[in-house]
Amino acid sequence: MSLTALTCYVTSQLHFFHITFSSPFTILSFIGLLGSVLVKPCGRLVRPVAPTRIPGRYLSHQEGLPKLPVPSLQQTCERYLAILEPIVDEEELSHTKELLAEFQKAGGVGERLQKGLERRARKTENWLSDWWLTTAYLDYRMPVVVHSSPGVVLPRLEFSDRQGQMRFAAKLIAGVLDFKTMIDNETLPVEYLGGKQLCMNQYYQVLSSCRIPGLKRDSVVNHAHRSRPPAHITVVHNFQFFVLDVYNSDGTPLTVDQLYMQLEKVWSSSLQTNKEPIGILTSNQRNSWGKAYNNLIKDKTNKDSVQAIQKSIFTVCLDAPMPCVSDELYRSRAAVQMLHGGGSRWNSGNRWFDKTLQFIIGEDGSCGLMYEHAPAEGPPIVSLIDHVVEYTKKSEMVRTPMVPLPMPLKLRFNITPEIKKDIEKAKQNMNIMVHDLDVKVIVFSHFGKNVPKTHKMSPDAFIQMGLQLAYYRMYQRCCATYESASLRMFKLGRTDTIRSCSIDSANFVKAMDDPSKQKIEKVTLLEKAVKAHRAYTDMAIHGQAIDRHLLGLKLQAIEDLTSMPEIFMDTSYAVANHYNLSTSQVPAKTDCVMCFGPVAPDGYGVCYNPMAEHINFAVSAFNSCNETNAAHMAQRLEEALLDMRMLLESTPKAKL
Ligand code: COA
């Protein structure tokens with residue numbers, strides 16, 4: 001076989017394993033690696049066995065990814081004015097126009113900051129990622145609970161007792177370890193968006209990592225890439241934490257059966273229900289927690305226990321049953337369980353909120369997770385869930401010959417009066433947050449992605465227009481709207497913002513209930529709004545949206561120690577960044593939904609998982625705001641989507 005033919009063959013096999021290389025050189029250097037699995041019976045090559053480990057594959061993939069671009073200054077300024085149009089009044093808009101003209105003058109501040117950004121882009125792997133991590137997460141001083149960490153609600157499980165809880169927890173742990181093997185072996189399939197390969201870095205950040213509080217800024221530690229990566233998880237039950245080693249001495253993961261036995265031991269060694277909920281400290285405002293943390297870890301035992309949690313691969317929270325609710329309300333109740341644990345009386349102390357990944361399994365069949373947002377976005381987390389859910393379906397408890405395993409280590413904490421005071425304060429603050437958060441999860445069962453697709457519309461854009469219509473109907477105005485767009489086409493890419501509220505969306509929502517407008521005109525406006533949204537999405541995922549660029553210019557000004565340009569002190573800028581609708585699509589194969597809190601005191605958080613024939617929505621709001629109500633918004637959204645379908649279906653195609 002010629003070298004070219006061999007290269008082609010290997011390339012096709014790599015494709016089979018979802019492996020791609022950036023250059024022929026890397027392909028050729030990889031041939032040696034695969035040599036051991038290429039068998040040549042009767043002179044013909046056969047399909048190689050699945051590689052168990054592909055060292056270097058992750059780095060070679062990452063190196064092939066493009067760098068995040070810096071958009072042009074003029075483009076961002078023009079687009080910024082366009083997004084302001086539906087949300088600020090004429091006077092504000094013309095003032096902002098003047099400020100932008102000044103900002104863009106040849107040889108002016110804008111040009112200088114832009115050059116600084118371009119220099120930064122040349123010198124770094126990604127000009128935005130470190131800034132984004134600190135600005136959006138590590139410098140953010142609000143509690144991670146409700147204000148930053150998302151939850152995920154999984155379908156209710158068919159058990160209502162402790163055995164069921166332990167069995168499922170054991171399968172889930174085994175499923176996560178199975179996924180971890182793909183991460184460790186670098187065999188995780190590369191993901192694509194719009195036909196382009198995505199950065200896989202976030203997958204390498206979510207296991208064995210934890211946020212650490214600071215007095216003014218937090219940090220994130222990742223133990224996965226140390227010379228001796230952790231081999232334990234932490235399990236918490238009745239507020240008591242345990243270290244559970246999940247690998248045998250030969251490096252193989254514990255079987256489901258072994259894990260079950262170990263969980264039983266944890267359960268029966270933590271029956272006391274009067275323990276101090278030490279984990280609730282992590283729910284506090286970050287500066288307060290930073291101070292309490294320094295005090296907590298002064299004690300050596302406490303420090304060792306905290307480090308065991310921080311280093312663990314992930315945490316499993318075995319929750320006490322929550323108050324019973326009807327099936328209809330179950331998902332909304334489960335959403336708050338995943339977001340905050342229900343308060344100090346329930347499961348809020350059964351968490352370490354700084355831990356990147358916490359899987360939550362209730363004795364009542366409730367199941368889901370919460371994650372600390374700094375290291376990753378929702379999609380990698382949900383793809384891990386999809387894998388684990390499939391794994392739990394197929395894995396059965398098989399009795400393995402029982403080599404006795406050591407008792408999982410219970411983590412001890414010495415509670416001084418000062419720590420006790422911090423716990424009490426954290427409990428009070430948590431209970432205030434719990435009372436303030438209003439969450440409604442709905443299953444929109446009338447249709448899913450299928451209906452917009454039949455009308456040749458982007459389902460995501462259709463849903464976003466439904467949200468715009470629902471908001472307009474409730475408040476008779478449009479609002480700044482955030483939708484996350486993935487920047488993972490670029491190396492170390494995180495997100496930018498899709499501005500769902502546009503001139504086109506405003507024209508559509510205003511026309512929709514206007515009796516003077518013909519149906520055909522409304523359909524045309526809807527189509528135009530959907531197309532504009534999809535166009536903004538494409539622009540955002542290709543690194544050409546405005547929000548991160550504006551943030552970059554602002555941070556460059558801070559770094560250069562120049563006075564803050566007026567465009568950032570302008571009312572329009574404040575209005576544009578006050579997101580009454582903070583939204584995100586997190587699609588999954590599993591029938592689950594991600595949920596998060598609002599980002600404005602008078603706003604809504606809306607997350608959705610559009611499936612083929614239905615859509616799961618989680619809507620949140622704050623009870624302390626008289627003008628918002630999650631259930632009303634969910635209801636209006638449902639009506640808006642139905643009305644939009646009705647409009648499309650009742651307008652004959654011939655007329656369009
Ligand atoms: N006609 C028919 N079908 C269409 C269509 C049209 N005009 N436009 C799109 N579709 C199809 C697509 O081909 C796709 O098909 P599939 O279901 O077979 O995959 C489907 O409809 C969905 O496309 P669309 O609704 O346009 O959205 P998307 O999948 O491209 O996702 C974003 C859009 C913004 C959600 C995505 O680009 C993104 O950035 N996701 C990451 C968000 C994120 O990070 N969130 C987490 C924050 S914690």
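All residue numbers in this chain count up from 1 along the given sequence. Ligands are counted one by one from 1 in listed order, and the atoms in each one are counted from 1 as well.
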- [ ] State whether a side-chain donor-acceptor pair under 3.5 Å links His446 with Glu638.
- [x] yes
Task: Proximal ligand 1 atoms for Ser584, defined as those under 4.0 Å from one of its heavy atoms - done: 45 (N), 46 (C), 47 (C)
TODO: Answer with side chain, backbone, both or neither: which part of Ser484 has a heavy atom less than 4.0 angstrom from an atom of ligand 1?
DONE: both
TODO: Could you find the nearest protein heavy atom to atom 29 (O) of ligand 1 and give me its residue, atom name and distance?
DONE: Gln585 OE1, 4.4 Å
Open item on the list: Would you say Glu186 and Tyr204 are linked by a side-chain donor-acceptor pair, where the criterion is simply a distance under 3.5 Å?
Closed with: no
Open item on the list: As a test of the contact definition, would atom 27 (O) of ligand 1 count as having a protein heavy-atom neighbour under 4.0 Å?
Closed with: yes
Open item on the list: Under a 4.0 angstrom heavy-atom cut-off, which atoms of ligand 1 come close to Ile541?
Closed with: 37 (O), 39 (O)
Open item on the list: Test of understanding: given a 4.0 Å heavy-atom threshold, classify the contact between Met594 and ligand 1 as side chain, backbone, both, or neither.
Closed with: neither
TODO: Could you tell me whether Pro379 approaches ligand 1 through its side chain, its backbone, both or neither, with non-hydrogen atoms closer than 4.0 Å?
DONE: side chain
TODO: Just need the protein heavy atom nearest to atom 39 (O) of ligand 1, so name the residue and atom and give the distance.
DONE: Ser486 N, 2.7 Å
Task: Ligand-residue contact atoms, ligand 1 with Ala485, heavy atoms, under 4.0 Å - done: 39 (O)
Task: Numbering as shown, the atoms of ligand 1 that approach Asp460 to under 4.0 Å (heavy-atom distance) - done: 24 (P), 25 (O), 27 (O)
TODO: Between Glu483, Met611, Lys456, flag the one that comes closest to atom 1 (N) of ligand 1 by a heavy atom.
DONE: Lys456
Open item on the list: Under a 4.0 angstrom heavy-atom cut-off, which atoms of ligand 1 come close to Thr537?
Closed with: 34 (C)
Task: Donor-acceptor pair between Tyr482 and Asn577 side chains, under 3.5 angstrom - done: no
Task: Residue, atom name and distance, where the atom is the protein heavy atom closest to atom 15 (O) of ligand 1 - done: Lys453 NZ, 3.4 Å
Open item on the list: Under 4.0 Å from a heavy atom of Gly378: which atoms of ligand 1 are those, numbered in the order shown and with their elements?
Closed with: 46 (C), 48 (S)
Task: Over 12 foreign heavy atoms within 6.0 Å of NZ, Lys67 - done: yes
- [ ] Please check atom 5 (C) of ligand 1 for a protein heavy-atom neighbour under 4.0 Å.
- [x] yes
- [ ] Scan side-chain atoms only and decide if Glu191 and Tyr203 contain a donor-acceptor pair under the 3.5 Å cut-off.
- [x] yes
Open item on the list: Walk me through whether Asp218 and Tyr140 qualify under side chain to side chain donor-acceptor pair (under 3.5 Å).
Closed with: CA-CA 8 Å; Asp218 293 358; Tyr140 187 63; over 6 Å; no
- [ ] Under 4.0 Å from a heavy atom of Ile498: give me the atoms of ligand 1 that qualify, with their elements.
- [x] 34 (C)
TODO: Name the closest protein heavy atom to atom 36 (C) of ligand 1, giving the residue it belongs to and the distance to 0.1 Å.
DONE: Leu193 CD1, 4.3 Å
Task: Pair Arg477, Tyr471: side-chain N/O donor-acceptor within cut-off below 3.5 Å - done: yes
Task: Sub-4.0 Å heavy-atom contact, Arg488 with ligand 1 - done: no
Open item on the list: If the cut-off is 4.0 Å to any non-hydrogen atom of Arg534, which atoms of ligand 1 fall inside it?
Closed with: 24 (P), 26 (O), 27 (O), 28 (P), 30 (O)
Open item on the list: Is it the case that over 12 heavy atoms from other parts of the model lie below 6.0 angstrom from the CD atom of Gln75?
Closed with: yes
Task: No-hydrogen, no-angle side-chain donor-acceptor test under 3.5 Å, Gln197 and Tyr192 - done: yes
Open item on the list: Is any side-chain heavy atom of Asp354 closer than 4.5 Å to one of Pro213?
Closed with: yes
- [ ] Using distance alone, decide if ligand 1 has a nitrogen or oxygen within less than 3.5 Å of any nitrogen or oxygen in Ser458.
- [x] yes
TODO: Evaluate the 4.0 Å heavy atom contact test for atom 19 (O) of ligand 1: does a protein atom fall under the cut-off?
DONE: no
Task: Spacing of Arg499 atom CZ and Leu84 atom CG [to the nearest 0.5 Å] - done: 7.5 Å
Open item on the list: I'd like to check whether Pro459 has a polar contact with ligand 1, where a contact means an N/O of the residue lying under 3.5 Å from an N/O of the ligand.
Closed with: yes
Task: Met182 CE: over 12 foreign heavy atoms closer than 6.0 Å - done: yes
- [ ] May I ask you to check whether over 12 heavy atoms, not counting those of Glu639, lie within 6.0 Å of atom CD?
- [x] yes
